[in-house]
Student: 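Just passing along the structure, written as structure tokens.
Keep in mind that the numbers below use all heavy atoms, side chains included, and drop hydrogens, waters and symmetry copies. This is a predicted model, so every value here is computed, not measured.
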Amino acid sequence: MDAAKTSGIFIHQYAGLPHGPAFEHWRERIFGACGLDIGPSRGDSIDCRLQVSVVDNIALAIPEGASAQYSRTQSHLADGSDDLVLIAAHAGLVRVGQNGHAVELAPAQMVLVDMGITGTVGHTEEDRFTTIRMPRRALLEINPRAEDKLSQVLSDGALAETILRYHSLAAHHAPHLDAVGQRLTAQHMVDLVGLLLGTDAEHASLARGRGHAAARLDLMRADVMAALGRNDLCLSEIATRSGLSPRQAQRLFEQAGTTFTEFVLEQRLLQARKLLSDPRARTRKISDIAHSSGFSDLSYFNRAFRKRFAATPSELREA
């Protein structure tokens, strides 16, 4: 995807034989959007759903389906794109070709490829991958020797897991952020890729302090939001999921100007207010809304709600 295109989430979907007007029209959309050709990865037909999320100057792709192979041929190189792409295997065995050289990726393994040369990668229902496409210059700024790692299998357990999880979070939510939020998300993603490639000490310190820390905090916040209704939600559980100790996790929240407890309380109160203001939840008891927002003590909920919004839950609902 051309980094200059408008940010957003784009879906390209097709199932059928690789010929005919419908296929050619879809193929042109893929070529125009991504600079790639497409054919079956197995059998005679294509079964593909490709989600491309454009976030500032990077593009995050999630290909799905039973049969599709994407190729960058000599004719495609005329578009002049020299972006770099990180391909990350999620399941099965993903085969990636570059300039006649091929590597096979097991789950959580990754490879950096070059849009300036020919290459192929395909998926089936069993063999799945995602990609991060970024400007060459952006990656070289954080890792000046990134090109030395082209076409090499990359594996770094904890960091690879962070990249996979942050990719999922960013692909689904970052296109809806404002310009500043998108720019920061894109930078954090490039920082993570730079760390994966093993940059020098000076650049690694910058990438850890800026990208890795921010990505971990974003992932912890997302984990909290997904579990707000649980009144047993605790810092140690959230920290462990991000590969951190509770103290490390607390420090990241504090660096963002809050604490874990304060963040959880704020999000629970905001969720409760949203439900109390929703006409569709008019018949729900306030106690039920409090409980579903993670409050086990109704008196504490009422006190915290009034302190935060200068009104009781009942008053807000009536207003």
Side-chain angles (χ1 to χ4, degrees), residues 51 53 55 58-64 84-96 103-113 121 123 126-134 139 142-143 146 149 152-174 184-199 203-227 230 233-253 255-256 260 263:
Q51 174 182 314
S53 301
V55 182
I58 68 171
L60 309 172
I62 305 175
E64 298 175 326
L84 298 175
V85 180
L86 186 76
I87 300 174
H90 286 246
L93 200 62
V94 177
R95 185 178 178 84
V96 181
V103 298
E104 291 184 335
L105 304 178
Q109 290 184 333
M110 305 178 183
V111 64
L112 186 70
V113 300
V121 60
H123 65 79
E126 296 81 24
D127 310 315
R128 295 184 290 106
F129 66 92
T130 57
T131 68
I132 307 166
R133 180 170 172 174
M134 69 211 88
L139 184 56
I142 196 65
N143 190 327
K149 297 296 181 70
Q152 296 182 25
V153 175
L154 306 167
S155 182
D156 183 330
L159 186 55
E161 175 66 18
T162 299
I163 291 174
L164 293 174
R165 292 186 63 212
Y166 197 59
H167 182 290
S168 178
L169 179 66
H172 291 99
H173 299 288
L184 290 174
T185 300
Q187 181 63 67
H188 299 158
M189 187 65 79
V190 173
D191 285 339
L192 291 174
V193 176
L195 283 174
L196 178 72
L197 298 175
T199 190
H203 289 89
S205 178
L206 172 63
R208 285 195 187 95
R210 181 179 62 187
H212 201 188
R216 280 175 155 173
L217 180 59
D218 285 345
L219 289 170
M220 287 192 292
R221 286 168 169 164
D223 288 340
V224 168
M225 298 303 293
R230 288 177 40 205
L233 181 62
C234 63
L235 176 60
S236 60
E237 175 188 347
I238 297 297
T240 299
R241 183 160 166 73
S242 290
L244 298 168
S245 70
R247 181 61 198 137
Q248 289 173 319
Q250 184 70 281
R251 190 176 300 119
L252 289 180
F253 277 99
Q255 288 171 354
F260 173 78
F263 178 77

Student: Could you measure the distance from the CE atom of M189 to the CG atom of L139? Nearest 0.5 Å is fine.
Tutor: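 It is 12.5 Å, given to the nearest 0.5 Å.
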Student: List in chain and number order the residues that pass side chain to side chain contact (heavy atoms under 4.5 Å, CB included) with A256, two or more places apart in sequence or in another chain; answer none if no residue qualifies.
Tutor: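 If we apply the side chain to side chain contact (heavy atoms under 4.5 Å, CB included) test to A256, skipping adjacent residues, the hits are L217, R221.
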Student: Side chain to side chain contact (heavy atoms under 4.5 Å, CB included) with A88: which residues, sequence neighbours excluded?
Tutor: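 With sequence neighbours excluded, A88 shows a side chain to side chain contact (heavy atoms under 4.5 Å, CB included) to M110, T130, L164, given in chain and number order.
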Student: Quick check: closest heavy atoms across V153 and E104, and the distance to 0.1 Å?
Tutor: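 V153 and E104 have their closest heavy atoms at CG2-O, 4.2 Å.
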Student: Measure the spacing between CG of L219 and CZ of R165 and express it to the nearest 0.5 Å.
Tutor: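 Going from the CG atom of L219 to the CZ atom of R165 covers 4.5 Å.
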Student: Mind checking what makes salt bridge (Lys or Arg N to Asp or Glu O under 4.0 Å) contact with R251, not counting sequence neighbours?
Tutor: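 Salt bridge (Lys or Arg N to Asp or Glu O under 4.0 Å) list for R251, sorted by chain: empty.
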Student: Do the side chain of D127 and the main chain of L93 share a donor and acceptor less than 3.5 angstrom apart?
Tutor: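 It does hold such a pair.
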Student: Which heavy atom of Q152 sits nearest a heavy atom of V111, and at what distance?
Tutor: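 Nearest heavy atoms, Q152 then V111: O-CG2, 3.5 Å.
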Student: Report the residues that fulfil side chain to side chain donor-acceptor pair (under 3.5 Å) with R128, sequence neighbours left out, ordered by chain and then residue number.
Tutor: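 Side chain to side chain donor-acceptor pair (under 3.5 Å) check on R128 returns nothing, list empty.
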Student: Apply side chain to side chain donor-acceptor pair (under 3.5 Å) to Q109 and list each qualifying residue two or more places apart in sequence or on a separate chain.
Tutor: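 Q109 satisfies side chain to side chain donor-acceptor pair (under 3.5 Å) with no residue once adjacent residues are dropped.
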Student: How many angstroms lie between CD1 in I163 and CD1 in I132, if you round to the nearest 0.5 Å?
Tutor: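 One gets 6.0 Å once the value is rounded to the nearest 0.5 Å.
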Student: Holding to side chain to side chain donor-acceptor pair (under 3.5 Å), I want the full list of residues that pass it with S168, two or more places apart in sequence or in another chain.
Tutor: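 Side chain to side chain donor-acceptor pair (under 3.5 Å) list for S168, sorted by chain: empty.
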Student: Taking all heavy atoms of P107 and all of H90, pick out the closest pair and write down the distance.
Tutor: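 That closest heavy-atom pairing would be CB-O, 3.7 Å.
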Student: Not counting sequence neighbours, which residues clear side chain to side chain contact (heavy atoms under 4.5 Å, CB included) with Q250? List them please.
Tutor: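 Result, side chain to side chain contact (heavy atoms under 4.5 Å, CB included) vs Q250: L235, R247, F253, E254, T259, F260.
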Student: Keeping H212 on the side-chain end and L192 on the backbone end, is there a donor-acceptor pair under 3.5 Å?
Tutor: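 Not a single qualifying donor-acceptor pair exists.
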Student: Roughly how far apart are L154 CG and L196 CG, rounded to 0.5 Å?
Tutor: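 It comes to 5.0 Å.
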Student: If the condition is salt bridge (Lys or Arg N to Asp or Glu O under 4.0 Å), which residues does E161 pass it with, not counting sequence neighbours?
Tutor: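 Partners of E161 under the salt bridge (Lys or Arg N to Asp or Glu O under 4.0 Å) test: none.
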Student: Roughly how far, to the nearest 0.5 Å, is CG of L169 from OG1 of T162?
Tutor: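 Here the rounded value is 12.0 Å.
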Student: Go through the structure and list residues passing side chain to side chain contact (heavy atoms under 4.5 Å, CB included) with A174, not counting sequence neighbours.
Tutor: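 Partners of A174 under the side chain to side chain contact (heavy atoms under 4.5 Å, CB included) test: V55, A170, L177, T185.
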Student: With sequence neighbours excluded, tell me which residues meet side chain to side chain donor-acceptor pair (under 3.5 Å) with Q248.
Tutor: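 Residues passing side chain to side chain donor-acceptor pair (under 3.5 Å) with Q248: S245.
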